[in-house]
Amino acid sequence: MSGNLGPILRVEGLGVTYGALVALDEVTWSVSAGEILGIIGPNGAGKSSCYDAVTHLVRRRGRVFLNGEEVTDTAPHLLAERGLKRAFQQNAFFHELTVLENMVTVLQDRYGTGLMATTLLPFTQVRRKAEAVEDAKRRLVRFGIPEAYHHLKPTNIPYGTQRMLSIALAYGSGAKALLLDEPAAGLGGADMTHLINLLISLKREGLAVVVIEHHMDLIMSVADQIVVLEQGRLLATGTPHQIQSDPRVLEAYLGRAQ
């Protein structure tokens, strides 16, 4: 399904410059509710710079809109509060906490701060923490992380499950738009299937999902629209079928990705 009220996330004319290097130049795209947008391109094409620009982690030109409201000047942490969430290339979690404690921690915006402290808490806070723990368990399972792993440290669970945990923690208590940076990196077999199923389920729930990915089979199978970047510029946009048959794309990227 696609949103009928306009895109959830829209970027216009994004540009990023590092000294003399133009990392991103006049890039425009949008993604609606219940839609997966894929961003592809060769190494150095500006894909991660695009995410940094969208989430206001670098100085950039252009404009960003979330739910129809301009958020160009909004600070990164406030963007997350408004529903724009991002998972990075590297797995990101609190190494000293268990998998379940990690999830409880990112739910503090929903259940209040201080959830990890259990001693000398008033009854209402104890009850709130119990509710948060149950919610965290449900969310972990929903993101493909079995209960058997919940009380282990993240570094002690399989790599593929770590990737799912990173996505779950980025999503947190909920999102309107979720940016994923190479979620399939290092995955294969059953882990890849889990990721595909997760992306499709998030889409069906009405989330706007943006995925940077090098795995062409994955992105072509799940994306509704694809943006192709080359040397920081927008080379092509279209459906997977249109992109696969675009001679510019074949020459610039797909033809070399053998």
Side-chain angles (χ1 to χ4, degrees), residues 1-3 6-17 22-58 60-68 71-72 79 84-89 167 170 175-185 195-196 199-200 202-203 207-257:
M1 69 180 188
S2 284
I8 293 292
L9 178 62
R10 177 164 56 95
V11 303
E12 293 181 355
L14 283 188
V16 176
T17 305
V22 178
L24 207 65
D25 187 26
E26 290 295 322
V27 169
T28 296
W29 50 258
S30 65
V31 59
S32 298
E35 185 176 55
I36 297 176
L37 174 72
I39 299 181
I40 67 172
N43 289 328
K47 301 184 297 296
S48 292
S49 292
C50 188
Y51 273 10
D52 289 344
V54 172
T55 55
H56 206 177
L57 293 180
V58 293
R60 80 281 202 244
R61 303 177 299 279
R63 304 171 76 191
V64 180
F65 298 84
L66 185 64
N67 263 357
V71 293
T72 304
L79 287 175
L84 176 57
K85 305 289 187 73
R86 176 183 180 182
F88 291 82
Q89 281 186 25
I167 296 173
K176 294 183 176 69
L178 181 63
L179 311 182
L180 303 179
D181 198 344
E182 296 191 38
L195 175 61
I196 290 171
L199 293 174
I200 292 172
L202 290 172
K203 168 184 167 173
L207 190 65
V209 185
V210 187
V211 183
I212 288 174
E213 193 49 74
H214 282 296
H215 283 75
M216 288 299 101
D217 289 346
L218 168 69
I219 207 67
M220 294 299 171
S221 67
V222 301
D224 298 289
Q225 295 288 323
I226 293 176
V227 165
V228 186
L229 298 179
E230 185 187 33
Q231 297 181 345
R233 293 177 175 83
L234 198 63
L235 179 67
T237 61
T239 64
H241 177 73
Q242 290 169 333
I243 294 301
Q244 285 175 307
S245 58
D246 190 315
R248 296 169 301 169
V249 177
L250 294 173
E251 180 183 351
Y253 183 43
L254 295 178
R256 296 206 301 260

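All residue numbers in this chain count up from 1 along the given sequence. Bear in mind that the values here come from a model prediction, so they are computed numbers and not experimental data.
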Smallest heavy-atom separation, Leu14 atom then Ala53 atom, equals CD1-CB, 3.9 Å

### Residue pair Val54 / Trp29, side-chain heavy-atom distance below 4.5 Å
yes

- Item | Ile8 side chain near Asn67 side chain, heavy-atom distance below 4.5 Å | yes

CG of Leu229 to OG of Ser48, rounded to nearest 0.5 Å, is 10.5 Å

message = Using the rule given for side chain to side chain contact (heavy atoms under 4.5 Å, CB included), can you reason through Leu84 versus Val71, listing the C-alpha separation, both sets of side-chain angles and the distance that settles it, and then say yes or no?
response = CA-CA 10 Å; Leu84 176 57; Val71 293; 5.6 Å; no

When rounded to the nearest 0.5 Å, the distance separating CG of Leu234 from CD1 of Ile39 is 9.5 Å

So, do Arg86 and Leu57 sit near enough that their side-chain heavy atoms are less than 4.5 Å apart?
yes

* Asked: Could you walk me through whether Ser49 and Arg60 pass the side chain to side chain donor-acceptor pair (under 3.5 Å) check?
  -> CA-CA 10 Å; Ser49 292; Arg60 80 281 202 244; over 6 Å; no

Interatomic distance, NZ@Lys176 vs CG@Leu9, rounded to 0.5 Å, equals 12.0 Å

Exercise for review: Keeping the roles fixed (side chain from Thr28, backbone from Gly13), state whether a donor-acceptor pair exists under 3.5 Å.
Suggested key: yes

What one should report as the nearest heavy-atom pair of Ser32 and Pro7 is OG-CA, 3.6 Å

* Check for a donor-acceptor pair, side chain of Glu213 on one end and backbone N or O of Ala184 on the other, with a separation under 3.5 Å. => yes

Side chain to side chain contact (heavy atoms under 4.5 Å, CB included) assessment of Ile167 paired with Leu195: CA-CA 10 Å; Ile167 296 173; Leu195 175 61; 4.0 Å; yes

One should read off an interatomic distance between Glu182 CD and Ile212 CD1, to the nearest 0.5 angstrom, of 7.0 Å

Do the side chain of Thr72 and the main chain of Val64 share a donor and acceptor less than 3.5 angstrom apart? yes

Practice item. Taking the side chain as every heavy atom from C-beta outward, state whether Ile226 and Met220 have any pair of such atoms under 4.5 Å apart. Key: yes

**Prompt:** Is Asp224 reaching over with its side chain to a backbone N or O of Ile36, donor-acceptor style, under 3.5 angstrom?
**Reply:** yes

Item checked: Validation row: Asn43, His214 side chains within 4.5 angstrom (heavy atoms) -> yes

Point to revise | Audit row: Thr239, Gln225, side chain to side chain contact (heavy atoms under 4.5 Å, CB included) steps and yes/no | key: CA-CA 5 Å; Thr239 64; Gln225 295 288 323; 3.7 Å; yes

CG of Leu207 to CD of Glu35, rounded to nearest 0.5 Å, is 11.5 Å

Do any N or O atoms from the side chain of Lys47 and from the backbone of Gly41 form a donor-acceptor pair under 3.5 angstrom? yes

One should read off an interatomic distance between Gln231 CD and Leu24 CG, to the nearest 0.5 angstrom, of 12.5 Å

In the structure I gave you, are the side-chain heavy atoms of Leu37 and Val209 within less than 4.5 Å of one another anywhere?
no

Are side-chain heavy atoms of Leu199 and Leu180 found at a separation under 4.5 Å? yes

Tightest non-hydrogen contact, residues Asp246 and Ala236, listed as OD2-CB, 3.8 Å

Flag yes if more than 12 heavy atoms outside Glu12 fall under 6.0 Å of its CD atom; otherwise flag no.
yes

- Task: For the residue pair Val16 and Asp52, establish whether any side-chain heavy-atom pair is separated by less than 4.5 Å.
- Result: no

In terms of heavy-atom contacts, Gly238 and Gln242 come closest through CA-OE1, 3.2 Å

Of all heavy-atom pairs linking Tyr51 and Thr55, the shortest is O-OG1, 2.8 Å

